[in-house]
Amino acid sequence: MRVIVCNDYDEMSKKAASLVASQITLKPNCVLGLATGSTPIGLYDNLVEMNQNGEIDFSSVTSFNLDEYYPLSPDNDQSYRYFMNLHLFDRVNIDKERTYVPNGLAEDAEAECAEYEKKIADHGGIDLQILGIGQNGHIGFNEPDENLISVTHLTGLTDNTIEANSRFFASIDDVPKKALTMGIGSILKAKRIILLASGKSKRRVVRELLNDNITTSIPATMLKVHPDVVLICDKDAYSEMYLGVDIGGTAIKLGVIDSFNNIVYKDSIPTQKNVTAKVIADDISAACKDIAARYPIGSIGIGTPGIINFEQETVSASNLPFDNSPIVEWIREETGLPVLINNDANCAALGEAIVGEGADENDIFMVTLGTGVGGGIIINKRIYSGKKGGAGEIGHMCIEADGKPCTCGSTGCWESYASVTALIEQTKAAAEENPDSILAKVIAENGKVDGKTVFEAMDKGCEVAEKVFDKYTSYIAVGIKNIVNIFRPGAVVIAGGISVVGDRLLKPIQSKVGTDVPIKISHLKNDAGMIGAALLGKDTRVL
Ligand code: F6R
C-alpha cells in the first residue's frame, strides 16, 4: 500500500481527483467504483469543477457504487443513490443509465446482489475503486466479523456504524439497520484502489493499515493483499509524529517518536564552534526540514541548556553562543512547524516520566548528576516549570549554610558537593592528603583525575577511595532526602554520566535515604532529553 499524506482535506481531495482524472483521461470508457460518506465529497466537488472546465469527460464512464441502505427508496434523501446524484451524477456529463447503485428497494435482496456482482463482471470489472473507511475499519459495509463475505451481499450494520452514520439522519432510530454492499472480494477485484481517510477519528484505523497485520476485525486490512492500493489521507488521519532536538555543547541530537512514543528515527549533528546562535539555529532547521520531509511531523520540541525566557521564547546559555537568542522563532520560521522549548534537564525528566523509569508514576523528580546537578519536576506527566520557568534548579538547593562558594554566587549549594565536578575535587583532595594511598598512585599512573578515578582505586582495594565515595553518596543522599520530604514523588530518577555505574551508586544512596519512595537509575540514558523534547508537542497529561 502506498501512502500519500496531505496537509489537509482540500489537498487530499485534489490529489484524489487528479488520480481519478488521469484514469478517465487514459481510459474514457473506464469503470469507476464509487463511495459515499463525508470523505469523498471534496473529491466529487473537484471532479465536478474539472468536468465543468472541460478537463475531464464523463460521457463514456460507467460507475458502480459500493453500497446502499436496505430497505430504503432511492428517492429518500438519505439513500446513497440520492447522495450520488446530489454530489456527482447531476453535476457532470455522466450518462445516468450507466451509474449503478444497489437497489435498496429490491424485493429479493439476494437476487439483487447476485445480479449486481454479475453486472460488474459484465462491464469488465472496476478499473478504479474509490473507498472511504469506517472508524471500525469497514470498507463498503463490510463490517468487522470473524467471516467476511467475498461477494455483494445483504448485511447488518454494527452499532458503531449506525451511530457514526446517525449524523446524517433525524434520529439514530431512522438509520436503516441493514445494507446491500459489495463484498471484500468484489472490492479486491478492482484493478486499482484509492482509499481516502480524513480527520482524527480515522487515526486509529489508519495506524492499523500501516502495520503488517491483516485481520477480519479490521476489514480494510484486507486491502494489504492488493497490489495497487494508494491510501490518501490528511495529516489529522495519519498518526502524527514528534521531532525532538536535544542541544548539547558538542552535538545536537535529533529524533522522531511516533504516537506510541517509539523512537522511529534518530541522528545527531555536530554543534558548530565559534559561530553565531543563528548559524546553530539554521543547522537545526535544516536537519528538521530534512526529517519533516520523510516523517509526518506535527511539532518540533527543543531541549536546551541555559536559561529560557518563556515569554519571549529566547535562550541564553554559557556553553553556547546563545544570548537572549530567539531560536524558537528562527526555527519556526524556517520549518513552518510549531516549535516548543524547555530546559534540557526538564526534557530528560519528561522523557523518563513517559517512557523510562517513571512510566508507572504520574509524578517524578529527576536528578542529573553531571558537571553540575540538574533537576526536573514532573507533575501529572507534565513538566513543572514554575511561574516564569526555572523551577527544578535543585543543584542550587543549600545543603550546608555558609558552605562552599558556588558559581551561582551563593554558598553551600548541593551541586558543589554532589556533582561529578565535586567528586573529582573530593578525589583530588583525598589523594593529596593521602599521598601513599592506592588512589594517589592511580592518579599518578593515569596523569589525570576524572569521575572514574575513584572507582578504579576502589577496584584495587583502596580504603581512601572507599571513604571518598561513601562521603560523596552521603552528599547525594542528603539532597534526595530533601526532595523526598518536599515532594514525595512517585519516584526519584537519577541520571547523568555517573549513573552508568548503576547499583554501585544506587545501593548506597537508597540505603542512606531510607525511604519507601523508589529511587531509580535512568534507563533512557542519552536519549531521555531528545525523547522528552519530542514529547513537548504532545499532551502527556493523565486525564
Ligand atoms: C460509503 C461506504 C462507507 C464509508 C465509511 C466512511 O459508501 O462504503 O464504507 O466510506 O463509512 O464514511 P465517512 O466518509 O462518512 O467517514
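For clarity, every value in this text was computed on a predicted model and none was experimentally measured. In listed order, ligands and their atoms are each counted from 1.
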**OP:** Could you go through the side chain to side chain donor-acceptor pair (under 3.5 Å) check for E208 and T221 one step at a time?
**Re:** CA-CA 7 Å; E208 294 296 338; T221 60; over 6 Å; no
**OP:** Quick one: do K289 and E334 satisfy salt bridge (Lys or Arg N to Asp or Glu O under 4.0 Å)? Show the steps, please.
**Re:** CA-CA 8 Å; K289 271 161 86 176; E334 273 301 310; 3.4 Å; yes
**OP:** Please lay out, stage by stage, how N7 and K235 fare under the test side chain to side chain donor-acceptor pair (under 3.5 Å).
**Re:** CA-CA 5 Å; N7 280 313; K235 274 194 172 158; 3.2 Å; yes
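Within 6.0 Å of the CG atom in D122, the count of heavy atoms belonging to other residues, nucleotides or ligands exceeds 12. Heavy-atom neighbours of K178 NZ from other residues, nucleotides or ligands within 6.0 Å: at or below the threshold of 12.
In summary, the aromatic rings of Y69 and F169 are positioned with their centroids under 6.0 Å apart.
Atoms of ligand 1 lying under 4.0 Å from at least one heavy atom of L66, given by number and element, are 8 (O). Heavy-atom proximity to S38, at under 4.0 Å, picks out these atoms of ligand 1: 13 (P), 14 (O), 15 (O), 16 (O).
Taking any N or O of T36, backbone or side chain, at least one lies under 3.5 Å from an N or O belonging to ligand 1.
Ligand 1 is approached by R167 to a heavy-atom distance shorter than 4.0 Å.
The closest protein non-hydrogen atom to atom 10 (O) of ligand 1 is G132 CA, 3.3 Å. I133 O, 3.3 Å is the protein heavy atom nearest to atom 6 (C) of ligand 1. The protein atom (non-hydrogen) at minimum distance from atom 5 (C) of ligand 1 is H138 NE2, 3.3 Å. The nearest protein atom to atom 12 (O) of ligand 1, hydrogens excluded, is given as G37 CA, 4.2 Å; this is a heavy-atom distance. Nearest protein neighbour of atom 3 (C) of ligand 1, counting heavy atoms only, is G140 O, 3.6 Å. Nearest protein heavy-atom contact of atom 14 (O) of ligand 1 is T39 OG1, 2.4 Å. From the protein, the heavy atom lying nearest to atom 16 (O) of ligand 1 is K202 NZ, 2.6 Å.
The OH atom of Y242 sits 12.0 Å away from the CG atom of L536 when rounded to the nearest 0.5 Å. Rounding to the nearest 0.5 angstrom, the gap separating the CD atom in E146 from the OG1 atom in T215 is 10.0 Å.
Taking E361 as the reference, nothing meets the salt bridge (charged side-chain N to carboxylate O under 4.0 Å, His left out) condition, with sequence neighbours excluded.
When non-hydrogen atoms are compared, ligand 1 lies under 4.0 Å from neither the backbone nor the side chain of Q135. The side chain of D67, and not its backbone, has at least one atom closer than 4.0 Å to an atom of ligand 1 (non-hydrogen atoms only; side chain from C-beta on). Residue-level proximity to ligand 1 for L196 is absent, since no heavy atom of it falls below 4.0 angstrom. Residue M182 does not touch ligand 1, judged by heavy-atom distances below 4.0 Å.
Formation of a donor-acceptor pair under 3.5 Å by the N53 side chain with backbone atoms of E55 is not found in this model.
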